[in-house]
Asker: 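This structure is in structure tokens; I'll ask about it shortly.
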2 protein chains.
Amino acid sequence: MNTQPPLPHPDADQISLPNVLTALGDTTRLAIIGELSRCGGLGMTCGQFTDLASKTSITYHVSKLREAGVVNVTPEGTRRRVTLRRDDLDHRFPGFLDSIIASTADLHIDRGRTE
Amino acid sequence: MNTQPPLPHPDADQISLPNVLTALGDTTRLAIIGELSRCGGLGMTCGQFTDLASKTSITYHVSKLREAGVVNVTPEGTRRRVTLRRDDLDHRFPGFLDSIIASTADLHIDRGRTE
DNA sequence: TCATTTGTTCAACGATCATTGAACTAAGGA
DNA sequence: TCCTTAGTTCAATGATCGTTGAACAAATGA
């Protein structure tokens with residue numbers, strides 16, 4: 001069952017642009033956002049990002065994205081479901097996320113290598 | 001006269017999204033972009049940013065923005081004229097800069113006045 | 001029950017960050 | 001010429017970054 005304590009997330013109106021930009025200014029985290037944007041509305045689990053970096057590293061990066069207010073993370077059994085905070089970001093910074101995602105489409109990452 | 005050597009800038013097609021995001025993920029640099037976006041087409045000199053940080057700090061931040069391809073810096077006598085690379089950024093990441101600038105309008109910075 | 005799956009925590013590490021103050025260069029104006 | 005203005009360079013500092021591996025915890029499934 002789910003007796004897991006929820007993880008801390010900033011409220012929508014506390015999401016700050018510099019924090020979001022810093023969170024996205026990393027190839028691994030940008031790749032996570034890219035995968036999330038293409039996965040359909042259900043989100044992904046942390047384990048599904050292990051093509052991008054090690055388990056420990058993914059934990060680190062997903063935390064950064066969560067703390068910046070870019071993603072929502074909810075425990076589901078032994079897993080964590082990660083979803084984009086699309087509505088919150090669109091409301092706060094209109095057009096921003098879409099422009100990022102569009103420019104992320106052609107970004108390659110295979111374990112640390114960028115273009 | 002202007003016998004100053006030009007400073008190195010990345011070509012438009014070498015501007016990378018992670019680098020741009022990293023460059024903008026700092027309150028001082030975001031404030032520089034904000035001032036540049038509101039100054040008219042002529043750009044500004046480094047000295048005009050000293051309400052945001054010390055002279056040395058401004059040199060550092062403007063270099064970061066230049067190296068990331070966000071601004072153009074050209075020597076003019078003893079000064080450096082700093083301009084936004086609007087066209088290059090719009091071409092490379094459509095809609096991105098506009099969304100940033102719009103969200104920058106109400107951003108407050110430490111060292112002094114809003115405008 | 002016991003093993004597996006999923007993910008976290010921790011300490012360590014080298015690297016980069018943003019800032020400071022002092023010293024410096026280059027151009028212009030008197 | 002001397003002085004001022006505008007900005008850079010440098011070394012130092014403390015902070016944060018992103019990664020690793022080992023150990024750990026919690027839920028699941030046999």
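In what follows, chains carry the letters A, B, and so on, assigned in the order in which the sequence lines appear, proteins first and then strands, with residues in each chain numbered from 1.
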Asker: Looking at the side chain of T56(B), which of dG7(D), dA22(C), dG7(C) is the nearest nucleotide?
Answerer: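 Minimum distance to the T56(B) side chain belongs to dA22(C).
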
Asker: In whole angstrom, what separates L65(B)'s CG from dC17(C)'s P?
Answerer: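 Atom CG in L65(B) sits about 13 Å away from atom P in dC17(C).
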
Asker: Shortest non-hydrogen contact from F93(B) to I15(B)?
Answerer: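 So the minimum-distance heavy-atom pair works out to CZ-O, 3.6 Å.
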
Asker: Given dT8(D), dA6(D), dT8(C), identify the nucleotide with an atom nearest to the side chain of T59(B).
Answerer: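 Closest of the options to the side chain of T59(B): dT8(D).
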
Asker: How many Å lie between CZ on F49(A) and C1' on dT6(C), as a whole number?
Answerer: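 Answer to the nearest Å: 14 Å.
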
Asker: Return yes if some donor-acceptor pair links the side-chain N/O of R29(A) with the main-chain N/O of A23(A) below 3.5 Å, else return no.
Answerer: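 Yes: the side chain of R29(A) pairs with the backbone of A23(A).
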
Asker: Among the candidates dG7(C), dT5(D), dT20(D), find the nucleotide nearest to the side-chain atoms of S54(A).
Answerer: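 For the S54(A) side chain, the nearest candidate turns out to be dT20(D).
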
Asker: Closest heavy-atom contact between P18(B) and L30(A)?
Answerer: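 Closest heavy-atom pair between P18(B) and L30(A): CG-CD2, 3.7 Å.
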
Asker: Check P8(B) against R66(B) and note the closest heavy-atom contact, atom names and distance.
Answerer: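 Heavy atoms only, the tightest pair is O-NH1, 2.7 Å.
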
Asker: Using whole Å, report how far CD1 of I58(B) lies from P of dT9(D).
Answerer: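 Going from CD1 in I58(B) over to P in dT9(D) covers 16 Å.
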
Asker: What is the distance from CD of E76(A) to P of dA27(D), rounded to the nearest Å?
Answerer: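 For the pair E76(A) CD and dA27(D) P, the rounded distance is 13 Å.
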
Asker: Hey, does S63(A) reach any base, or is it just sugar-phosphate, or nothing, if we go heavy atoms under 4.0 Å?
Answerer: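 Touches nothing.
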
Asker: Can you tell which of dG7(D), dG7(C), dG18(D) lies closest to the side chain of R79(A)?
Answerer: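 The closest nucleotide is dG7(C).
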
Asker: Rounded to whole Å, how long is the line connecting atom CZ of R66(A) with atom C1' of dT8(C)?
Answerer: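 After rounding, the gap between these two atoms is 11 Å.
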
Asker: Choosing from dG7(C), dG7(D), dT19(C), which nucleotide comes nearest the side chain of R80(A)?
Answerer: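 Of all the options, the side chain of R80(A) is nearest to dG7(C).
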
Asker: Of all the choices, dG7(C), dG18(D), dA6(D), which nucleotide is nearest to the side chain of H61(A) once you look at every atom?
Answerer: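 Of the options given, the side chain of H61(A) lies nearest dG18(D).
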
Asker: Which nucleotide in the list dT19(C), dT9(C), dG18(D) gets nearest to the side chain of R29(A)?
Answerer: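 In terms of side-chain proximity for R29(A), the closest of dT19(C), dT9(C), dG18(D) is dG18(D).
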
Asker: For Q48(B) and dA6(D), give me the distance from atom CD to atom P, rounded to whole Å.
Answerer: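 So the two atoms are 10 Å apart, to the nearest Å.
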
Asker: Among dA6(D), dA18(C), dT19(D), which nucleotide sits nearest the side chain of Y60(A)?
Answerer: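 Selected nucleotide: dT19(D).
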
Asker: Looking at K64(A), I'd like to know whether one of its side-chain N or O atoms comes within less than 4.0 Å of OP1 or OP2 on dG18(D).
Answerer: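 For K64(A), the contact criterion (side-chain N or O under 4.0 Å from OP1 or OP2 of dG18(D)) is not met.
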
Asker: Using every non-hydrogen atom in the two residues, find where H9(A) and V73(A) come nearest and quote the distance to one decimal.
Answerer: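 Here H9(A) and V73(A) meet closest at NE2-N, 2.9 Å.
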
Asker: What integer distance in Å separates L7(B):CG from dG7(D):P?
Answerer: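 After rounding, the gap between these two atoms is 12 Å.
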
Asker: So, is S57(B) near the phosphate of dT19(C), with a side-chain N or O under 4.0 Å from OP1 or OP2?
Answerer: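 Checking S57(B) against dT19(C): at least one side-chain N or O falls below 4.0 Å of OP1 or OP2.
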
Asker: Calculate the interatomic distance between D26(A) atom CG and dT16(D) atom P; express it in whole Å.
Answerer: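 In whole Å, dT16(D) P and D26(A) CG are 18 Å from each other.
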
